[in-house]
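In what follows, a single structure is set out as structure tokens and then discussed.
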Amino acid sequence: MTKVVPHSLFSDFDIDLFKSGKHFKLYEKLGSHVIEVDGVKGTYFSVWAPTARTVSVIGDFNSWDDSKHQLYVRWDGSGIWEGFIPELTTGTLYKYRIHSNNHGVVTEKADPFAKSCEHPPKTASIVWDASHKWKDEEWMDSRKEKNALDKPYAVYEVHLGSWKRKADNQFMSYRELAVDLVEYVKDMNFTHVEFMPIMEYPYDPSWGYQLTGYFAPTSRFGKAEDFKFLVDTLHQNNIGVILDWVPSHFPEDAHGLGFFDGSHLYEHPDRRRGYHPDWKSLIFNYGRNEVRAFLISNAMYWLDHYHIDGLRVDAVASMLYLDYSREEGEWEPNIYGNNENLEAISFIRELNETVYSNFEGIQMIAEESTSFSMVSKPVNMGGLGFGMKWMMGWMHDTLEYFKKDPLYRRFHQNDLTFSATYAFTENFMLPFSHDEVVYGKQSLLYRMPGDEWQRFANLRLLFGYMYTHPGANLIFMGGEFGQSSEWNFQKSLDWHLLEYDFHKGVQSLVRDLNSLYKDYPALHEKQFSAEGFQWIDYGDHENSVLTYIRKGHDIEKDIYIACNFTPNPKKKYRVGMPVTGSLKEIFNSDALKYGGSGLENGTLKTTKTPWHGYKNSIEITIPPLGVVIFSQ
């Protein structure tokens, strides 16, 4: 094997951008790239390691000997080591062995920019070119319209390793999922899938939230081009793709980013700001230009090379606060004496400005659990610049309410109505995510009170209430058919439950709710605006009934909702109406096909009986633990 040939893909301008933290396509320069130099095909390597004394490429091609292929350090102070190795091609296993100037420390690291990695527990990077001929032009050309904030977001959250497994409990591949999963999501009328992290991760119980290969789809389910095929197939079936993305922390695994070149290169050197006590992981140094460029380049990469439609940014709260999960004395205030992480806030704003300006029709979604203001407002207004934020308060209050015996719900109606007081301060997505069905919390179904019938009726009511509440919607896999047990990442969902009518009924209900959400503009056109929601009556505590209106651009297409949170049917229940004429029931969670009792309304007419402050009203039947929806 020939020696390393001096070669560079970097221009002086690239280096200036990198040093200033403004190079957002580093994946085109750093890492391994199969190219030709002087007519000879081989692989160019480049890695950032400013504290290194020597950097060698080691791999199966040189018996992992660090004396054979040492890279050249650039002369410009960038800390980048690079070189071209002739005849080295796709499929080569490699790592970097770094001899540090820091007390002679030696590290052996996977490539931070590797496009492919070995299947864990193996840890080498792989020279790879994930070529794929995309066929999703129709989706990409119209994505700006389909992915707009006034369009439906019915999101199906999926953990690829446990959605469905083969008979021998082996993983399904990306290409197998491109058949089964795509067919299922399309049949269920979801508009988007959200994949829990698919970037390479070493430890299965982390569910993918402890990343070591930020630029590589995990090899558990196939090759990088296979994942592109899955995304492409989803797009061809009119389904958007959101990825969970983790710029908040990374694990201390020996081959990962931690202490990369014998120094705290990617992580903050102060453990008070560079170490997560909860997750036993390292925190990125958001004040270092090159680290910001690494992270923003990573976000850009998935949107660019994989046609991803949105990133759901994990654990934003942990990034925003210096005292997150820390006791007094375990953190240091910022220059203004408060607990905000100013460097992380600056990074988040730059991240969102950059990706939105480079890609039309994408969305950035924050998993942010505090009352930090203006998370989903534009940066030029002083916001963080996200498109949406998970509505964690709504999720918590709603599940707390639903677990109560209906006999006592009349004392807690404020748990449901309180969300309306802040529902439009952000662009909220309503999440029933994986976090709500693990660690002893039980499945959604088994958090519902009552006998079997009531449990399922409560679950149907929960979803009906969710889809008629302002905001976008997210359901974690299994919830849509009433999974009985908690989620277990080591096995498939309990698909056999669909042999039972109650479970099949919940599935049918969610399918119809997704269709309703897409087909009725009043449910999505103004989902983030106070103009899109109006109470009819939120004060009937004794009956545990809520009535309200959802509004779109056309007043004639407004819809009217009534929810009964008790097992007692409400017959001849009078509801004030701002319109006159006939109203047709377009949805009833108590329908027989869903497993309900079949108390339905059909078409009704208003009367000139003043009620709820309106000149007209209507008498309806609200079924037990049911939600009914009417349109003109």
Side-chain angles (χ1 to χ4, degrees), residues 21 144 147-151 153 155 194 242 244-248 273 283-284 286-287 292 295-296 299 303 309-325 331 333-397 418-431 433 469-474 524-533:
K144 182 181 178 182
N147 237 23
L149 291 173
D150 61 352
K151 293 298 187 291
Y153 274 79
V155 183
E194 178 180 316
I242 300 165
D244 272 13
W245 185 57
V246 191
S248 48
R273 298 180 62 177
I283 302 171
F284 285 103
Y286 304 107
R292 292 165 72 108
L295 287 170
I296 295 176
L303 300 170
D309 306 299
L311 298 176
R312 178 277 210 176
V313 183
D314 182 63
V316 172
S318 73
M319 300 168 68
L320 296 176
Y321 297 103
L322 296 167
D323 61 345
Y324 183 88
S325 246
W331 63 283
N334 63 30
I335 57 173
Y336 301 112
N338 65 41
N339 65 342
E340 292 183 355
N341 188 332
L342 302 178
E343 293 170 345
I345 292 169
S346 167
F347 158 72
I348 289 169
R349 286 173 170 155
E350 185 172 28
L351 162 72
N352 286 324
E353 281 189 314
T354 302
V355 297
Y356 275 116
S357 63
N358 278 275
F359 298 96
E360 278 197 331
I362 62 99
Q363 293 294 346
M364 299 292 286
I365 304 165
E367 189 234 347
E368 203 286 310
S369 55
T370 74
S371 57
F372 194 95
S373 62
M374 301 182 71
V375 171
S376 59
K377 303 300 180 187
V379 172
N380 60 16
M381 290 175 56
L384 290 183
F386 287 99
M388 283 181 253
K389 169 182 170 172
W390 276 18
M391 199 175 189
M392 309 295 278
W394 170 89
M395 176 275 298
H396 177 269
D397 290 347
F418 178 65
S419 62
T421 65
Y422 65 93
F424 308 107
T425 58
E426 303 278 3
N427 299 335
F428 281 119
M429 177 176 283
L430 314 180
S433 75
H469 188 287
N473 305 290
L474 177 142
H524 59 255
E525 284 182 342
K526 296 181 178 181
Q527 59 192 339
F528 304 123
S529 167
E531 297 176 356
F533 176 81

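The residues of the chain are indexed from 1 along the displayed sequence.
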Item to complete: Before giving the answer on side chain to side chain contact (heavy atoms under 4.5 Å, CB included), spell out for Ile296 and Phe347 the whole-Å C-alpha distance, their side-chain angles and the decisive distance to 0.1 Å.
Response: CA-CA 9 Å; Ile296 295 176; Phe347 158 72; 3.7 Å; yes
Would you say [X] and [Y] make side-chain contact, with heavy atoms under 4.5 Å?
| X | Y | result |
| --- | --- | --- |
| Trp390 | Leu430 | no |
| Glu340 | Ile345 | yes |
| Asn341 | Met319 | no |

Discussion item. With side chain to side chain contact (heavy atoms under 4.5 Å, CB included) as the criterion, how do Phe418 and Trp394 come out once you've worked through the C-alpha distance, each side chain's angles and the decisive distance to 0.1 Å?
Written reply: CA-CA 8 Å; Phe418 178 65; Trp394 170 89; over 6 Å; no
Discussion item. Looking at Ile242, is its backbone amide N or carbonyl O close enough to the side chain of Asp309 to form a donor-acceptor pair, meaning the two atoms are under 3.5 Å apart?
Written reply: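 Pair absent, no side-chain N/O of Asp309 close to backbone of Ile242.
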Discussion item. Keeping Tyr356 on the side-chain end and Phe386 on the backbone end, is there a donor-acceptor pair under 3.5 Å?
Written reply: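 A pair under 3.5 Å: no.
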Supply the atom-to-atom distance [X] [atom1] to [Y] [atom2], rounded to the nearest 0.5 angstrom.
| X | Y | atom1 | atom2 | result |
| --- | --- | --- | --- | --- |
| Glu343 | Ile348 | CD | CD1 | 12.0 Å |
| Asp150 | His524 | CG | NE2 | 7.0 Å |
| Phe528 | Asn427 | CZ | CG | 5.0 Å |
| Lys526 | Leu149 | NZ | CG | 15.0 Å |
| Glu426 | Met374 | CD | CE | 8.0 Å |
| Phe428 | Met395 | CZ | CE | 12.0 Å |

Practice prompt. Please work out whether the ring planes of Tyr321 and Phe372 are parallel, tilted or perpendicular, with thresholds of 30° and 60°.
Written response: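 Taking Phe372 first and then Tyr321, their aromatic rings stand perpendicular (interplane angle over 60°).
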Worksheet item: How far apart are the closest heavy atoms of Val375 and Ala366, and which atoms are they?
Response: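 Here Val375 and Ala366 meet closest at CG1-CB, 3.7 Å.
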Worksheet item: Restricting to pairs with a member in residues 386-395, which pass salt bridge (Lys or Arg N to Asp or Glu O under 4.0 Å), not counting sequence neighbours?
Response: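 Output for this query lists Glu368-Lys389.
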Discussion item. Set out, in order, the CA-CA distance, both residues' side-chain angles and the distance that settles side chain to side chain contact (heavy atoms under 4.5 Å, CB included) for Leu320 and Leu384, then state yes or no.
Written reply: CA-CA 10 Å; Leu320 296 176; Leu384 290 183; 4.0 Å; yes
Item to complete: For Glu367, enumerate each residue passing the side chain to side chain donor-acceptor pair (under 3.5 Å) test, keeping only those at least two apart in sequence or located in another chain.
Response: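 Glu367 satisfies side chain to side chain donor-acceptor pair (under 3.5 Å) with no other residue.
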Worksheet entry | Atom OH of Tyr422 with >12 non-hydrogen neighbours under 6.0 angstrom |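 Correct, the count exceeds 12.
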Discussion item. Show, in sequence, the C-alpha distance, side-chain angles and deciding distance for Ser248 and Asp314, and conclude whether the side chain to side chain contact (heavy atoms under 4.5 Å, CB included) test is met.
Written reply: CA-CA 7 Å; Ser248 48; Asp314 182 63; 4.3 Å; yes
Worksheet item: Between Tyr153 and Asn147, does any side-chain donor sit less than 3.5 Å from a side-chain acceptor?
Response: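 Judged by distance alone, the side chains do pair up.
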Worksheet item: Under a 4.0 Å N-O cut-off, is there an ion pair linking Lys151 with Glu525?
Response: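 The answer is no: the pair does not qualify as a salt bridge.
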